[in-house]
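Just so it is clear, the model here is predicted, and its values are computed rather than measured. We name chains A, B, ... by the order of the sequence lines, and we start the count at 1 in each one.
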There are 2 protein chains.
Amino acid sequence: MTVTIGEIAKLAGVAKSTVSRYLNGGPIGDKTSRKIEQVINETGYVPNTFARSLKAKKTNIIGTIVPRLNSYATSQTLIGIDEELKARGYQLIISNTSQDLKREIESIYSLANQKVAGIILLATKVTERHLQVFADVKVPVLLVGQQRDECYSLIHDDEAAGYEIGKYVTGQGHKNIVYLGVTEEDIAVGVKRKKGFKRATEKEEDCEIHYVETSFSLKEAVHIFPQLYQTYHPTAIVCATDNIALGIMKAAQMEGLTIPRDLSITGFGGYDITEIIHPGITTAQFFYQEAGVLAANSIVKLVHQEEVEKLTISGFELIIRESVDKIR
Amino acid sequence: MTVTIGEIAKLAGVAKSTVSRYLNGGPIGDKTSRKIEQVINETGYVPNTFARSLKAKKTNIIGTIVPRLNSYATSQTLIGIDEELKARGYQLIISNTSQDLKREIESIYSLANQKVAGIILLATKVTERHLQVFADVKVPVLLVGQQRDECYSLIHDDEAAGYEIGKYVTGQGHKNIVYLGVTEEDIAVGVKRKKGFKRATEKEEDCEIHYVETSFSLKEAVHIFPQLYQTYHPTAIVCATDNIALGIMKAAQMEGLTIPRDLSITGFGGYDITEIIHPGITTAQFFYQEAGVLAANSIVKLVHQEEVEKLTISGFELIIRESVDKIR
DNA sequence: CTGAAAGCGCTTACAG
DNA sequence: CTGAAAGCGCTTACAG
């Protein structure tokens, strides 16, 4: 039998409203407070979330929408969010959309309907429809990974990372480089990383750079490698994600090339696996877990109507491993 | 302004209870039904979950407790669970315990308190305390990954997988093998895989097998490799998980060994990465996502008090790649 | 600081 | 098949 606030009130000899106040930190007399505390401890009373939410019309739940569950970046970010939310007395609900844009929109409505206090969206692409829906539900929303002026956003420093990678690779003497990027529909990955890289390398002398576009798929990277290599014969391929770098490396090794002697490769992300494989991949590591903590902090502030920077930028670190050779 | 059942009733010219019946599939007259349907469509009415749960004292939420979020097996299993639950009109709540046993227990209570309809536990170790708590909360529980006679369980066929790996490695002519296992506290990984392997290999003639124990950590595998290799000089190392195999491979390559020419390596799990790296790792692949679907099915049946096998066994497939050499 | 009362939005016997 | 009424467990003005 589960115990209710009414029974606590009876046992403590007070009114239900008083117990409610005790629970919610209202003004309570010392003796009353102690009495209620004692009864609650004895009975192991836990308030019924539904009744509370029904009446109060709000919850202490934060919804996080993710495009996919099986991604390093997603997992790490979620861990950070989860830890921080727990520490602040909030609960996390994860909604997976399997990269389905329609399901993303539905999830926002569904979370709003569940009266979540706030929503964190790990975004890949933010459309007009998204902005419209954000305005429609009156729940605070935080975008992670992409930036829009209309929203609160938390992004990784993709452009600076691109710049550092560019500086490093040219600094190692490479003069014939392929930049293997992705669609510009993805602002963070497709536009900013490339932009940073371009800025770092455009003043290089006698340096030939070819910009090629591929998908996010590791398999496609494997697939296009032979043709790509034959066409440009680069000494280095700068890949827009670690996944792409992994694909290129696999394909190169299958062709009998030795990394980095015959070909240098870099990635972006700092996924665990870039360290695990041999040779380790030089990459720009983002701090996903830390970003998750920042995101949780921001959304809680937004829920409390506290002030939050419109844009938060999470840092990165250039991790130099063995996949880039020095050329002279 | 959010619309309530009362307004729908008024607009449709019926009683609230009739609308409620319509919503829950009770007996309804044809005309009434159509009228209500129309009003609901016009208003975009969505029932309030809290009110419903408060009154009905149950939800259509399934809680899944996971030891960690950043694991391939976990992610894949969750994807399977999520898909299937969605298809069946249930919602998934994920509770991450960060491998903290105390938090695991707390999570069970917390989910039960939220009146989830059922709980799926991706278990690593099942203690007496667990069983006690399962009995305490009256919510149906399904164990995934470990088996206990006291519970409904879904496991992977670890023993058969161990057997197949054993047969395959000895079949390739290896006569000096190290089996690199983990603690026997983990029944599935520590006991069953080894048991199957042992059964497959114990009748081999002139075959020397050394059983060594390590942790689940990839780093530790890297660390112990030199000593291990020097001590036994095996031609093959059978690792109890893909992670351990990855660590051994990395360490071996750092020592200048070529896989599989100088050393053969196998894993268990079938993680994506075993295919991505070069050479690809021969491994016993479990069907995590499929297992997730099975798990979701079972828990829904349990919720409906339908009959479910006490133990479900999910299959595996031996994936032969390049990491094992043929010896003569 | 405390209590009595109303009400959040639904479901569920109970009548008809 | 349908309606009126009670009640799920809490919170929140309103008095005092």
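- To the nearest angstrom, C1' of D/dG7 lies 17 Å from CZ of A/Phe50.
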*Using Watson-Crick and G-U wobble pairs whose two distances are both under 3.5 Å, how do you write the pairing of DNA chain D as dot-bracket, with | for links to another strand?*
|||.||||||||.|||

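- Under the rule for a side chain to side chain donor-acceptor pair (under 3.5 Å), A/Ser153 has no partner lying at least two apart in sequence or in another chain.
- Nearer the 5' end of DNA chain C, as judged by each residue's closest nucleotide, is the contact made by A/Ala15, out of B/Tyr45 and A/Ala15.
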Could you list the donor-acceptor pairs under 3.5 angstrom formed by side chains in residues 24-39 of chain B, with sequence neighbours left out?
from, atom 1, to, atom 2, distance (Å)
B/Asn24, ND2, B/Ser20, O, 2.8
B/Asn24, ND2, B/Ser20, OG, 3.4
B/Gln38, NE2, B/Glu42, OE2, 3.0

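- A/Lys35 places its NZ atom 18 Å from the C1' atom of C/dC1, with the value rounded to the nearest Å.
- In this model, the phosphate group of D/dG9 is approached by a side-chain N or O of B/Lys57 to a distance below 4.0 Å at OP1 or OP2.
- Side-chain atoms of B/Arg68 come within 3.5 Å of backbone atoms of B/Asn70 as a donor-acceptor pair (strictly under, hydrogens ignored).
- Between the P atom of C/dG9 and the CG atom of B/Asn48 lies a distance of 7 Å, rounded to the nearest Å.
- Rounding to the nearest 0.5 Å gives a distance of 10.0 Å between CD1 of B/Ile120 and OG1 of B/Thr77.
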*Verdict with reasoning, A/Arg148 to A/Glu128, per salt bridge (charged side-chain N to carboxylate O under 4.0 Å, His left out)*: CA-CA 10 Å; A/Arg148 293 292 299 231; A/Glu128 291 306 314; 3.2 Å; yes

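- Where B/Lys31 and B/Leu54 each meet DNA chain D at their nearest nucleotide, the meeting point lying more 5' is that of B/Lys31.
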_Contact letters for nucleotides 11-16 of chain C, in which S counts primed atoms plus P, OP1 and OP2 and B counts the base, heavy atoms under 4.0 Å_ = BBB---

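- Residues forming a ring-ring contact (aromatic ring centres under 6.0 Å, His included) with A/Phe50 (at least two apart in sequence, or on another chain): none.
- In this structure, A/Lys10 places its NZ atom 16 Å from C1' of D/dC10, rounding to the nearest Å.
- Counting only residues at least two apart or in different chains, salt bridge (charged side-chain N to carboxylate O under 4.0 Å, His left out) contacts with residues 103-127 of chain A comprise A/Arg103-B/Glu83, A/Lys125-A/Glu185.
- A/Ile28 comes within contact range of the sugar-phosphate backbone alone, with a heavy-atom separation under 4.0 Å but no base atom that close.
- Atom P of nucleotide D/dC8 and atom CD of A/Glu7 are separated by 10 Å, given to the nearest angstrom.
- Between B/Val116 and the choices B/Ile62, B/Val137, B/Val139, the side-chain contact (heavy atoms from CB on, under 4.5 Å) rule is met once, by B/Val139.
- Classification of the A/Tyr288-A/Tyr271 ring pair by plane angle, with boundaries at 30° and 60°, yields perpendicular.
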